[in-house]
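Here the structure comes first, spelled out in structure tokens, and everything after it is commentary.
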Amino acid sequence: MLTHDAALGWIARWDRQQEGYLPDREERFTALIDAVEALDRPDPLVIDLGCGPGSLSARLLDRLPKARVISVDADPLLLGLGRAAYPHLTFVATDLRTPGWTAALGLDRAADAAVSTTALHWISPSDLESLYTELATVLRPGGLLLNGDHFDSDDTTPALARIERAIHDKQTERTFAGDQPEDWRTWWDAVEADPAMAALNGARTTAGASHHGSESLLLSQHADALRKAGFAEIGTLWQRGNNRLLCAVRH
């Protein structure tokens, strides 16, 4: 049985391993939530795409307690952790790669923003365009997509792309000084070894939540898909090396 305290412990460990890849993770979270706050609406409706265990959603509600956040993921284990740790959040199990995924959200008005961190790069370029196109149908005019992730630019500015990765690597070295947190695979191995997580692990094997197929790692892949989906202005709000907060404004 997964308890509230155990779930919080696993999420704290999740956050720590994520910081191993993203030493500026909290700074990027802050910039993203600043952008939501800049919409100047006291009760924004926000969709968290690929929410995982709810790390971003929880931080967003801490800053904006009147917001309504709908947290979406396909992984039953990560959703189970989030539901046990954050009972005040609204989690929805749906696969962003499946057409019609927005029907599961139960929206009663257009959303003000969709947010995501370190998630959408797992989606293939062809599925990415479909995702953004469907997302545009549930965002209000002027609504934002805010996507924090590693975005590379090797196809357009390869020399800059190498420098950006070097900046990110140097920041990682300075931050951890050889004491690197556990990696993603080690975290999952530990979860799989915990008997209290057996039921959620079992659900995960049949949910199609594993990461597979081609990934969308290039900045241009996301920008092109967003333009085709009808987003107007597209740009970077915050950046440290190749770690970016990409923002797109719906027409």
Side-chain angles (χ1 to χ4, degrees), residues 8 10-41 44 46-67 69 71-73 78 81-82 85-86 89 112-122 143-153 157 160-184 187 215-219 222-223 226 233-249:
L8 286 174
W10 276 115
I11 292 175
R13 189 168 167 178
W14 168 272
D15 286 344
R16 179 62 177 166
Q17 63 90 5
Q18 287 286 291
E19 288 169 0
Y21 302 97
L22 293 159
D24 305 305
R25 186 171 183 251
E26 293 298 335
E27 185 178 338
R28 194 177 70 186
F29 277 147
T30 297
L32 188 154
I33 299 169
D34 284 345
V36 174
E37 193 170 24
L39 290 169
D40 202 26
R41 178 171 183 138
V46 182
I47 307 166
D48 185 356
L49 304 170
C51 65
S55 299
L56 170 58
S57 297
R59 286 163 174 77
L60 205 155
L61 276 181
D62 283 345
R63 276 269 304 276
L64 304 172
K66 294 183 180 179
V69 182
S71 309
V72 182
D73 208 288
L78 296 179
L81 284 176
Y86 308 122
L89 292 179
D112 299 289
V115 300
S116 186
T117 54
T118 321
L120 300 185
H121 68 266
W122 290 112
L144 303 181
L145 168 73
L146 297 159
N147 184 11
D149 213 331
H150 290 112
F151 294 101
D152 290 319
S153 60
T157 55
L160 285 177
R162 288 192 294 272
I163 295 170
E164 287 171 354
R165 284 191 291 271
I167 289 171
H168 180 275
D169 291 345
K170 288 181 181 297
Q171 177 67 5
T172 301
E173 291 168 8
R174 278 193 297 269
T175 300
F176 298 110
D179 186 21
Q180 193 77 11
E182 68 178 338
D183 61 17
W184 186 86
W187 186 90
E215 300 176 23
S216 301
L217 302 176
L218 295 174
L219 178 63
H222 290 261
L226 286 162
E233 300 175 33
I234 301 164
T236 298
L237 291 183
W238 175 96
Q239 181 177 356
R240 178 71 63 80
N242 64 336
N243 179 14
R244 292 174 167 87
L245 175 58
L246 183 66
C247 180
V249 184

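Model, not experiment: these values are computed from the prediction. The figures here come from the full heavy-atom set of this structure, side chains too, leaving out hydrogens, waters and symmetry mates.
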Residues Thr117, Arg25; criterion side chain to side chain contact (heavy atoms under 4.5 Å, CB included); working and verdict = CA-CA 9 Å; Thr117 54; Arg25 186 171 183 251; 5.8 Å; no

For [X] and [Y], which heavy atoms make the closest approach, and how far apart are they?
X      : Y      : value
Ala248 : Ile234 : CB-CG1, 4.0 Å
Ser55  : Ile11  : OG-CG2, 4.0 Å
Val72  : Ile47  : CG2-CG2, 4.0 Å
Leu237 : Ala35  : CD1-CB, 3.9 Å
Leu89  : Gly54  : CD1-O, 4.2 Å
Asp183 : Gln17  : C-OE1, 4.0 Å

With a 3.5 Å distance limit and no angle check, can you tell me whether [X] reaches the backbone of [Y] through a side-chain donor-acceptor pair?
X      : Y      : result
Asp73  : Cys51  : yes
Thr236 : Arg244 : no
Glu164 : Asp152 : no
His168 : Tyr21  : yes
His222 : Ser216 : yes

query = Regarding Glu27 and Trp238, is there a side-chain donor-to-acceptor distance under 3.5 Å anywhere?
reply =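 Note: Glu27 and Trp238 side chains meet the donor-acceptor criterion.
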
SB check Glu19 Arg16 (cutoff 4.0 Å) =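 Looking at Glu19 and Arg16, the cut-off is met.
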
Are side-chain heavy atoms of [X] and [Y] found at a separation under 4.5 Å?
X      : Y      : value
Leu78  : Trp14  : yes
Tyr86  : Leu8   : yes
Val36  : Leu144 : no
Leu145 : Leu49  : yes

To the closest 0.5 Å, what do you measure between [atom1] ([X]) and [atom2] ([Y])?
X      : Y      : atom1 : atom2 : result
Leu61  : Leu56  : CG    : CG    : 9.5 Å
Lys170 : Ile163 : NZ    : CD1   : 11.5 Å
Asp62  : Ser57  : CG    : OG    : 11.0 Å
Leu160 : Asn242 : CG    : CG    : 12.0 Å
His121 : Asp149 : NE2   : CG    : 5.5 Å
Arg174 : Asp169 : CZ    : CG    : 10.5 Å

key: Within 6.0 Å of CD in Glu182, more than 12 heavy atoms from elsewhere   =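 Yes, enclosed.
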
ask   = Do Arg63 and Asp34 pass the side chain to side chain contact (heavy atoms under 4.5 Å, CB included) test, and can you show the C-alpha distance, the side-chain angles, and the key distance before you say yes or no?
value = CA-CA 9 Å; Arg63 276 269 304 276; Asp34 284 345; 2.7 Å; yes

message = As a quick check of understanding, evaluate side chain to side chain contact (heavy atoms under 4.5 Å, CB included) for Leu245 and Leu146, giving each step before the final call.
response = CA-CA 7 Å; Leu245 175 58; Leu146 297 159; 4.2 Å; yes

task = Start with the C-alpha distance between Leu246 and Leu226, add both sets of side-chain angles, then the distance that settles side chain to side chain contact (heavy atoms under 4.5 Å, CB included), and finish with yes or no.
result = CA-CA 11 Å; Leu246 183 66; Leu226 286 162; 4.0 Å; yes

